[in-house]
There are 2 protein chains.
Amino acid sequence: MDAIDRKLIDILQEDASLSYSVLGTKVGLSVSAVNDRVRKLREQGIIQAYKIAVDTNAIGRSLTAMVWLRTDPAKGNKKLVKSLIKADEVLECHHMTGRFDFLVKLRLRDTAHLESFVSDTIKEMPGVVEVLPEIALSTAKETMFVPAQLETD
Amino acid sequence: MDAIDRKLIDILQEDASLSYSVLGTKVGLSVSAVNDRVRKLREQGIIQAYKIAVDTNAIGRSLTAMVWLRTDPAKGNKKLVKSLIKADEVLECHHMTGRFDFLVKLRLRDTAHLESFVSDTIKEMPGVVEVLPEIALSTAKETMFVPAQLETD
DNA sequence: GGTGAAAGACGCACATG
DNA sequence: CATGTGCGTCTTTCACC
């Protein structure tokens with residue numbers, strides 16, 4: 001992976017609908033060279049998938065909550081994690097350092113949805129001993145973009 | 001937006017590289033009908049953009065950290081938020097309820113990168129009075145997928 | 001590694017029912 | 001909304017450098 005591959009990745013992270021000819025103009029290569037490079041990046045798994053970004057407001061899931069979990073150290077966490085990642089309300093599940101064991105990011109319809117999901121679903125999951133939900137009042141940034149371009153710092 | 005639009009959104013969230021003819025087969029519509037619907041969803045801003053998912057491991061940014069910030073209530077938070085979202089290390093920035101004011105999600109090269117970003121960058125930002133970084137030991141799920149399909153619960 | 005050309009598939013618009 | 005057509009663009013492959 002060289003500098004041109006990295007540039008292609010950064011461009012496609014922002015807009016994956018660009019054609020190979022436009023990409024070629026941007027990186028100074030021919031259409032077929034761009035095609036080659038993108039295909040190889042896909043084959044290597046560096047480009048994992050093509051996705052769309054959706055207006056979550058329009059589909060009625062605009063409440064973001066972060067839930068801290070403390071778990072029973074006697075039990076393993078495998079069953080808990082399996083239950084968590086199965087739920088479509090759970091966007092992220094991280095095993096964390098610090099006083100709590102897990103940080104779970106939720107996307108929900110409203111506070112009623114949060115209440116029922118925390119009370120009826122999370123608290124019933126195996127090994128959960130403490131639950132601390134917090135609500136996002138606003139979100140100034142939310143992206144998956146990670147620069148492939150090597151920084152100059 | 002009807003049930004078919006919602007289904008199209010869910011399919012495209014998982015794989016936006018599918019052709020209109022494949023989409024048509026999946027939802028039981030003709031190519032031109034699918035074309036119409038997807039174009040309208042884009043025009044309405046419900047489909048916001050096309051993106052790629054990247055293997056962050058391959059591009060050398062595999063450390064995830066969550067940083068809690070407490071800010072000076074005397075100052076506004078505008079300048080701070082502006083500084084935060086400018087940094088490419090910052091993937092997410094949420095204004096939160098609870099003891100802290102902000103939760104910031106970072107993607108970094110390694111712990112040295114975390115140390116320098118927290119010490120040299122975040123702590124120097126206007127209005128920051130307390131910084132509590134925590135590291136993700138592992139991440140079991142990390143997605144932006146939000147079901148547009150109306151659930152049956 | 002790259003280019004350029006050719007073939008086929010796809011996107012897109014339009015007209016008809 | 002389905003089907004047809006037409007056309008431009010894009011993808012993909014392949015011979016060549």
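Lettering of chains follows the sequences in order, A, B, ..., and the numbering in each one begins at 1.
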Would dG4(D) be called syn or anti here, given the cut-off of 90° from 0?
syn

Readout for nucleotides 9-17 of chain D: B = base within 4.0 Å of protein heavy atom, S = sugar-phosphate only, - = neither; 5' to 3' it is -SBBB----

With a 3.5 Å distance limit and no angle check, can you tell me whether D101(A) reaches the backbone of R70(A) through a side-chain donor-acceptor pair?
no

Checking one residue: V54(A). Which other hydrophobic residues are in its cluster under the side-chain 4.5 Å linking rule?
I52(A), I59(A), L91(A), M1(B), I4(B), L8(B), I9(B), I11(B), L12(B), L18(B), Y20(B), V22(B), L23(B), V27(B), L29(B), V31(B), V34(B), V38(B), L41(B), I46(B), I47(B), Y50(B), V146(B)

Contacts of type salt bridge (Lys or Arg N to Asp or Glu O under 4.0 Å), residue R39(A), not counting sequence neighbours:
D36(A), E43(A)

At under 4.0 Å between heavy atoms, what does G28(B) touch on the DNA or RNA strands: base, sugar-phosphate, or nothing?
sugar-phosphate

Non-neighbouring partners of E142(A) that pass salt bridge (Lys or Arg N to Asp or Glu O under 4.0 Å), sequence neighbours left out:
K105(A), R107(A)

Sort and list the pairs that fulfil salt bridge (Lys or Arg N to Asp or Glu O under 4.0 Å) and have at least one residue in residues 72-81 of chain B, not counting sequence neighbours.
none

Rest of the hydrophobic cluster containing L137(B) (Ile/Leu/Val/Met/Phe/Trp/Tyr, side-chain heavy atoms under 4.5 Å)?
none

Positional range of nucleotides in DNA chain C within the contact set of chain B, heavy-atom, under 4.0 Å
dG11(C) to dA13(C)

Applying a 3.5 angstrom cut-off to the pairing atoms, does DNA chain C sit in any stems of at least three consecutive Watson-Crick or G-U pairs? List them by first number.
C:3-13 with D:5-15, C:15-17 with D:1-3

Name all residues meeting the salt bridge (Lys or Arg N to Asp or Glu O under 4.0 Å) criterion together with R6(B); count only those two or more places apart in sequence or in a different chain, and write none if there are none.
none

Going by side-chain heavy atoms closer than 4.5 Å, which hydrophobic residues are tied to V129(A), directly or by a chain of links?
none

Quiz: residues 114-125 of chain A side-chain donor-acceptor pairs under 3.5 angstrom, not counting sequence neighbours:
unit_1: S116(A); atom_1: OG; unit_2: H113(A); atom_2: O; d: 3.1
unit_1: S119(A); atom_1: OG; unit_2: E115(A); atom_2: O; d: 2.9

Summary of ring pair (Phe, Tyr, Trp, His ring centres under 6.0 Å) pairs that have at least one residue in residues 56-83 of chain B, sequence neighbours excluded:
W68(A)-W68(B), W68(B)-F100(B)

